[in-house]
Number of protein chains: 2
Amino acid sequence: MNDIARAAGVSQAAVSYAYNQPHKLSAARREHILTVAAELGYAGPNPAGRTLRTGRVGAIGLLITDTLGYAFDDPAAVQLLKGISEVGEFAEVALTLLPCPLESPRLTEGGGVLVRGAVDGFLAYAMPDGHPGMATVVARGLPIVVIDGSDLGHLPRVGIPDRKAAREIAAHVLGLGHRRVGVLVDRLVPDGAAGPVTPARERAARDLVNKERLAGYRSAFRSAGVSRRETTVIEAGGFDYAASRAAAAALLRDRSLTAVLAATDVLALATIDAATELGLRVPRDLSVTGFDDIAEAAKADLTTVRQPLVEKGRQAARLLLDVIAGEQATAVTLPTELVVRGSTAPPRRR
Amino acid sequence: MNDIARAAGVSQAAVSYAYNQPHKLSAARREHILTVAAELGYAGPNPAGRTLRTGRVGAIGLLITDTLGYAFDDPAAVQLLKGISEVGEFAEVALTLLPCPLESPRLTEGGGVLVRGAVDGFLAYAMPDGHPGMATVVARGLPIVVIDGSDLGHLPRVGIPDRKAAREIAAHVLGLGHRRVGVLVDRLVPDGAAGPVTPARERAARDLVNKERLAGYRSAFRSAGVSRRETTVIEAGGFDYAASRAAAAALLRDRSLTAVLAATDVLALATIDAATELGLRVPRDLSVTGFDDIAEAAKADLTTVRQPLVEKGRQAARLLLDVIAGEQATAVTLPTELVVRGSTAPPRRR
DNA sequence: CTGAAAGCGCTTACAG
DNA sequence: CTGAAAGCGCTTACAG
């Protein structure tokens, strides 16, 4: 900026004004400065300098568990991203992706992107309880909005009534007459383990969404008088189709099941595929429900819980921007809706 | 940092060393400084200060045409993102999403994220020729790597041999005996227009990938003696399923067609859906080919061109990081492969 | 409308 | 191993 000022024969402050406060300069002078800048290949104020001075970065960070690859594999996450980015674009705020694999030691160290990343605030998406990245980010003292995770007792949060919605869809299935019902969850504890869920593991659950949905199913089972022993719960250990399919196959080894409650649509779609492979017809031989209502759910005629994924992203981004602007934050719970389609029916008579 | 230094009874430089050059301090002193910092709620060096001093941000920007929503709707783009983010995570570099809608005046103005965004370099993904955002970014003088777009004559680029691969898959279809072949492209000119492509519009094409693929088809047609008049080309005007489906429906109004060459898998899948709705069976009544080999292509048994989407992202990110590190850049062309599946067959005899 | 000046928070070469 | 100092590029309050 000094070079430009010298070349244009003005003060360095005038150059700054040319970019930031045009009204403080005569039009001719401003024009002159901008022309000189263009000639010298100066593209405008350096972001780092501006940030240091103003304290505003113009970017928000999105914390995602695991690698970004995971996030992009999950259609529900992609919808959420759409909503977030809509708001960001409108507000001229960039979105910085901050992947937080659980194992990385760099999560808490100074070198990592969580500590070093220049952002004005964080959106923490589906972070499991006790994730070290969360503590790192809280320590930075910047505004944080939680999406689908624990609010740590004090953070503003955007989510849906997972437990209630899960109870509702389970009640729908039980209401059709099913008693032998299997349950599929993504992941309760982020340790990569997959397979049947023990009571101890269920108590140790750290992924709030899966935990709450499972709790909702349990609640419906209790109300319907289905005992804990009668229900099998399988954890996929991951969010991708392959893990989902394997979990579904494991669950369907129990041929007495007449229905499967899947905690996500991806799990449900994998269940339908696995059932088809076994020669089972949905819903004649097996009722299947999902959760989220991603685009594929409608195509597969899946009974599921609709949640406003894009809107969730929008609201979270707006909330964060509000907090950054110094406004008061309030928790937001968005409505869900039970969508009954063709993948559920009464159990076949023996 | 000054506050911490005072509280710890050391120089401000010592605090900096505690975070950045541990070996310059005795272990005890470092420990002491870090403890005091934790007590005072200091989370480590301020990113803006560090960036201003070192000139390194620790983030790369990804330029995407249109809104991010578009990008996330496109499975091919999502795969690319996966590859990019893999490299970023490994190198501890954050990925900043920089959407560049064509219409926005802020693209070139000082207030926009393109001018203001703090990054060490840019990845320009599928930017159409002449996009104003590209000029803005070039003006910043930071390293740029182009993916699937024009290299502007001098930028390092990562891509695939679109024209050659398109010629190959077209030759496959023509080799099966098809003569009445329709073509579907996403978008030639980013003006939102959709419908039949005139010669003038084809010449004015600014989306390099679509342009090249179309040129490849044309080349195969010429070799097979299929005249320009015999082929209809329809432009969808967008990348999403809805636009694709509408374009497919428009193309299939011509009932004499026995095959459709779609420039992307999304277009091809939409074509299969549209054909099914019309009561046409694939491939018996209509052969359909795609391009990209996204996950859904295999499920739909689609004949297509496989390109290494994730690897493309990886290579581009690595290349950019190399250029940022001061290394020499070279253009990268990744291999493609014709994948013949069940969506193509000889035309039915009349 | 213009210019001189302070200071945002940091890293590192330098002298001790 | 430690401290004093310069300077990265910027914005804005202040005096003229």
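Numbers restart at 1 for each chain; the letters A, B, ... are given by sequence-line order, proteins then strands.
- The nearest whole Å value for the distance from the CE atom in B/Met1 to the C1' atom in D/dA4 is 16 Å.
- Among the heavy atoms of the strands lying under 4.0 Å from B/Ala13 is at least one base atom, whether or not backbone atoms are also near.
- Checking D/dA5, D/dC14, D/dG3 against the side-chain heavy atoms of B/Gln12 singles out D/dA5 as nearest.
- If you measure from atom CG of B/Leu52 to atom P of C/dC10, you get 11 Å, rounded to the nearest angstrom.
- A residue-by-residue look at A/Lys24 and A/Asn46 shows that A/Asn46 has its nearest nucleotide of DNA chain D further toward the 5' end.
- With a 3.5 Å ceiling on both atom-pair distances, D/dA13 lacks any Watson-Crick or G-U wobble partner.
- Rounding to whole angstrom units, CZ of residue A/Arg116 and P of C/dC10 are separated by 15 Å.
- Pairing for C/dA4 is absent, with no Watson-Crick or G-U wobble pair whose two atom distances lie under 3.5 Å.
- The closest donor-acceptor contact from the side chain of A/Asp207 to the backbone of A/Pro128 lies at 3.5 Å or more, if one exists at all.
- Rounded to an integer number of Å, the gap from CG of B/Asp3 to P of C/dG9 is 9 Å.
- Look at B/Arg29 and you won't find any side-chain N or O under 4.0 angstrom from OP1 or OP2 of D/dC1.
- Separating the OH atom of B/Tyr17 from the C1' atom of C/dC10 is a distance of 12 Å, rounded to the nearest angstrom.
- Annotation: side chain of A/Tyr125 is not in contact with side chain of A/Ile84 (no heavy-atom distance under 4.5 Å).
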side-chain contact (heavy atoms from CB on, under 4.5 Å) evaluation trace for A/Met134 with A/Leu63: CA-CA 9 Å; A/Met134 218 40 209; A/Leu63 298 180; 4.2 Å; yes
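- Between the CZ atom of B/Arg6 and the P atom of D/dG3 there is a distance of 14 Å, rounded to whole Å.
- Across the interface with DNA chain D, nearest-nucleotide mapping of A/Gly44 and B/Ala14 shows B/Ala14 to be the residue nearer the 5′ end.
- In this structure, CZ of A/Arg56 is placed 14 Å from P of C/dG9, rounded to the nearest angstrom.
- Across all strands shown, B/Asn2 has no heavy atoms under 4.0 Å from either base or sugar-phosphate atoms.
- A sub-4.0 Å separation between OP1 or OP2 of C/dC10 and a side-chain N or O of B/Tyr42 is present.
- Atom CD of A/Gln21 is separated from atom C1' of C/dC1 by 13 Å (rounded to the nearest Å).
- Of all non-hydrogen atoms in B/Val93 and A/Val113, the two that sit nearest each other are C-CG2, 3.8 Å.
- Side-chain contact between A/Asn20 and A/Arg50: present, with at least one pair of heavy atoms (C-beta onward) separated by less than 4.5 Å.
- For C/dT12, neither phosphate oxygen OP1 nor OP2 lies less than 4.0 angstrom from any side-chain nitrogen or oxygen of B/Arg50.
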